[in-house]
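Please read the structure below before turning to the comments.
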Amino acid sequence: MKETKVSWLEWDKEAFKKAQELDKPILLGVSAVWCHWCHVMDQTTYSDREVARLIEEKFVPIRVDRDRRPDIDKRYNMGGWPSTVFLTPDGEVLTGGTYIPAHQMTALLEYASQLYQKNKGTLKPRKKEVEQELQKPLVELVSDRGVFQSIIEELTLDIASRFDSVNGGFGDAPKFPHSEVLRLALLQHSMQGHKAALNIVTKTLTAMGAGGIYDSEEVGFFRYSTTRDWSIPHYEKICEDNAKLLFNYLEAYQVTGDEKFMGTAKGILSYINNKLSDQEKGGFYGSQDADEVYYKMSFKERQNKTAPRIDQTLFVNWNAMMTSAYVFASVVLEEQPYRKFALKTVDLLLKKTFSPKKGMNHYFNEGSSHLSGLLTDQAYMVRCLIDSYQVTSDRKFLDKAENLVEFMLDALWDDTGGFYDIPKETGAFGALKLLHKPLEENSIAADAFLRLHYLTNKQVYLETAKKILEFFALDYKGYGIMGAVYGLAVELYLHPMQIHVVGSLKDVVTRQFRRESLKAYSPLKIVETLDPILDHDRLEILGYPVTETPTAYVCFEGKCNSVKDPKNIAKSIKF
């Protein structure tokens, strides 16, 4: 296998300084360890002698991994991986593309070099323009609950209009799972009784589970399908995608009782346990490489071949997602090993990647962690800690969640509404000078802050969540069905369901109440178990009486009902 002849540099101040001193444009390559076409481009284009010579002569080459540097990928991605981006020495984009074969690359290198030399005096930084866009004033109307309700209705209609009624899923090829879209559709079925919404979910999940996007031999899901009918996948397997799909199949099983959904969920769990996790120490690995030849072999043929490479990097945001999914699986499937491994992973992440002053680092690899303060890691980790608290009632998880949101408010919050994706740092270079407010991570943050508000009664968390939702109320349409993750947070804001289980943590009935409360379907529920002795002050604030036998209180839409028998809790949680 030929290796790239290009002498890539790290993304750092020294590389940018070199470009400025030599007055050369930068060639930025954004790749991924699991990316098939990235490998092909390395083995062909970047291994071509003429290409390498031109790069050496006319450019300063910088390479970054999109998983390790999502902040850079977010700012420079040209529509896929690899992304081939030509920059000024200050980091402004000149031109670019994705995969570029060698014979086209030589011409493009000459063009990009000349483009820079001809225009370098007229190129202006976009920093002020982007800042003005982020600081736009809010419209007062978005505070109205009716506006938020109309957002849900519009998202639901958009999802229905884009549904592929023949093959399941949304749109044409390439076709992605769109997990949050499926979660919002299933929620609308449960809340509004929309049978069409249920059909969207069940048809899509059935088609994916039976299609080529699901590895029927080694189990687990590939990243997406290259065809509309899910038959031919793109062969990489990513921790993030499998975490989100695990939620989809478990929730579908909760709602329908269809065992094929449970079977697919168990397939995902089996794959993660066997291939994408460190069962001894805890932690979930990042990805498994795409290898078209390997995956087209039969299971018998595969046994004699080396499996595609696994990236053993622990990415905190993806670990938090998968930990939440494992906690959920332990509840729905009533299998405690998943919970045990999830909590082991949380402890590992807190020990290896958390700092009170810098928040969660982004990834852990070869004994050290790197890149502090990204919103994606903080938001998903807070949500993961809340999930851990709900299943254990151990306040250390809630305390850590509050530590993290304190960091988020200090380092990432913008008073006009919303969190920036990276800390507001001095001395940033390139497009990292530009601050972004991503919809997905802000939606997860809003969800987490809402849950924290109901678990702590702290008003600042509710106000923060509301400001986030207001900020994006004008922009969510631009995301199309990808705005579903925002819709889920809006639904939690409009229709939170609180379940308080009051009883001794040592009492088997208390634990049964907690288990049944968590097991029943409702993405909008916040479950808290309160011990009369340990949580005396909290009970006084909530105003619940302490009875001889454990009792659950289900509060929804301004009404609270007491439940005396754990077997009846599921009926009380119905919308």
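Along the sequence shown, residues are numbered consecutively beginning with 1.
Every residue was checked against the salt bridge (charged side-chain N to carboxylate O under 4.0 Å, His left out) condition with E441, not counting sequence neighbours, and none meets it. Partners of Q188 by side chain to side chain donor-acceptor pair (under 3.5 Å), not counting sequence neighbours, listed by chain and number: E491. Residues that satisfy the disulfide bond (SG atoms under 2.5 Å apart) test with C35, not counting sequence neighbours, are C38.
Contact detail for F449 and A465: the closest heavy-atom pair is CB-CB, 4.1 Å.
Stacking of K237 on the aromatic ring of W34 is not recorded, the 6.0 Å distance cut-off and the 45° axial limit not both being met.
Two rings, from Y326 and F284, have their centers less than 6.0 Å apart. Checked against the 6.0 Å centroid criterion, the rings of F148 and Y493 qualify as a close aromatic pair. Residues F222 and H234 place their aromatic rings such that the two centres sit no closer than 6.0 Å. Side-chain rings of Y249 and Y214 stay apart, their centers remaining 6.0 Å or farther from each other.
Side-chain contact check for K244 versus P177: every heavy-atom pair is 4.5 Å or farther apart.
Using a cutoff of 4.0 Å between basic side-chain nitrogens and carboxylate oxygens, R228 and D164 are scored as salt-bridged. In summary, R69 and D65 do not engage in a salt bridge, as defined by a charged side-chain N under 4.0 Å from a carboxylate O.
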